[in-house]
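Structure, as structure tokens:
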There are 2 protein chains.
Amino acid sequence: MPSDRSESRTEILDAAEARFARQGFDGTTIKQIAGDARVNSALLYYYFADKDALYGAVVSRFIERIAAQVAQTFAGGGDPATLIADFAARQGGVFEAEPRFRKLLGRELIDFDARHAQAAIRHLAATTFERLRETIAEGQRAGVFRADLDPRFAAISLVGQTAYFHFARPAVEILLADGKPLPAGTTDAFAAHVADFTLAALAPRSPSRPRPRARATARRRNRT
Amino acid sequence: MPSDRSESRTEILDAAEARFARQGFDGTTIKQIAGDARVNSALLYYYFADKDALYGAVVSRFIERIAAQVAQTFAGGGDPATLIADFAARQGGVFEAEPRFRKLLGRELIDFDARHAQAAIRHLAATTFERLRETIAEGQRAGVFRADLDPRFAAISLVGQTAYFHFARPAVEILLADGKPLPAGTTDAFAAHVADFTLAALAPRSPSRPRPRARATARRRNRT
DNA sequence: GTCTATATAGTGATAGAC
DNA sequence: GTCTATCACTATATAGAC
């Protein structure tokens, strides 16, 4: 995949990215994209086989850009606890800096089960997620994290807190601010909370001061 | 809002719920819904003002049903740690038992910024989320949870882990199972992990055994 | 309440000139 | 590479018979 075969191709991709993020796949028309890119709508079929191929190019390009940003967490190295905290801060920062991320990836996950993003996510799984998992495992071996947690589950717990906060933003605004926009600084505050919460969860069990334990309860069936 | 004004109305709502969950708002046509409900497409405009009103009725009805299930966590009462663990199990169970939940709410959050679900989510915020927050605050007052966490942020951390696991299911399958369906029992195992992880995060700081701390690092700016 | 019939306005995509 | 012109189809929504 050459990156900028021509000027028009890039402008089509840029216009399509904005439209697909705002309106989704079905809600966006070829003519809207062409109009935004100031080219004729027939030209889109010169560069891309059909609408789905254009969408796929937009999504994979976008996710790769995001993945590169998150990967920087591990560029410098550091001890496990510091890397965990850095990751939380960076993940929150990316959601802030990339306003299209929430809708573009959210729609890809819901509307297409990540079909177009599969290659990019697979790459992410082999690099950043693997580094995150290994960082947790390393902390466990060193005795600074508790050893009886599955490092992959722990990594998902970390990623999931921040991801939910941003993907479900309209719901979070209702929960925290009565539906109004969140006060300035809330997303940074939550990112700091995620680091704190996660490092506390990973802390070794204290023998002197037992953690709170849930009493066994009959697991009730959910009505359906 | 009367609940079942007529037989046809309910069948239209049921058919619409299935279609909107599977295909989204723009991807679903009035004629598809009418066909599934075995009525003429013009009849939909007798019961609902337009497509958007039908969609709104579907979404609010659905979320209210889900909210009622999650609310059962607090029906019996119990100590804070047990309630937290019960909530995690129940939230995971609801995602399993309601396969439409992921797509229907996900799309509502992304495509409409929760516009149609606002009343239902507001109700949820005032009841279940408030009970969850209060449960955490109660544990803090009793000294079984650490006191220096914002109970609302902690509640979002709890809810978010499970929500992310299910909303981002296609990505999680790549992370955990190389893109194949998750092995049986994985969602229950993750729900148990969430309870464990969250209760550990809420445990009081141990004075003897300090938790892992991140060293202060220069917070790097993200490229945009 | 439920239907037939249709107006109106697009939609994605293609053929082919330049 | 980029455009004009257009096809074949489908969309939501309404008027009005029964």
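First the proteins, then the strands, lettered A, B, ... as listed; each starts at 1.
- A:R115 has no carboxylate O lying under 4.0 Å from a charged side-chain N of A:E108, or vice versa, which leaves the two without a salt bridge.
- Of the residues in residues 17-43 of chain A, those lying under 4.0 Å from DNA chain C by heavy-atom distance are A:T28, A:T29, A:I30, A:K31, A:A42.
- The phosphate of C:dA13 (OP1 or OP2) has a side-chain N or O of A:Y45 nearer than 4.0 angstrom.
- Electrostatic pairing of B:R169 and A:D113 does not count as a salt bridge here, judged by no charged N lying under 4.0 Å from a carboxylate O.
- Residues B:R9 and B:D14 are not paired through a salt bridge, judged by the lack of any N-O separation under 4.0 Å between the basic side chain and the carboxylate.
- Atom CG of A:D52 is separated from atom P of C:dT11 by 18 Å (rounded to the nearest Å).
- B:L54 has its CG atom 13 Å from the C1' atom of D:dT12, to the nearest Å.
- A salt bridge does not link A:R131 to A:E134: none of the charged nitrogens lies less than 4.0 Å from a carboxylate oxygen.
- The aromatic rings of A:Y55 and A:F20 sit perpendicular to each other, their planes meeting at more than 60°, with 30° as the lower class boundary.
- In the set C:dA13, C:dT2, D:dT2, C:dA13 carries the atom at the smallest distance from any side-chain atom of A:D50.
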Residues B:S6, B:Y47; criterion side chain to side chain donor-acceptor pair (under 3.5 Å); working and verdict: CA-CA 10 Å; B:S6 86; B:Y47 287 108; 2.9 Å; yes

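- Within the 4.0 Å cut-off from OP1 or OP2 of C:dT2, not a single side-chain nitrogen or oxygen of B:Y46 is found.
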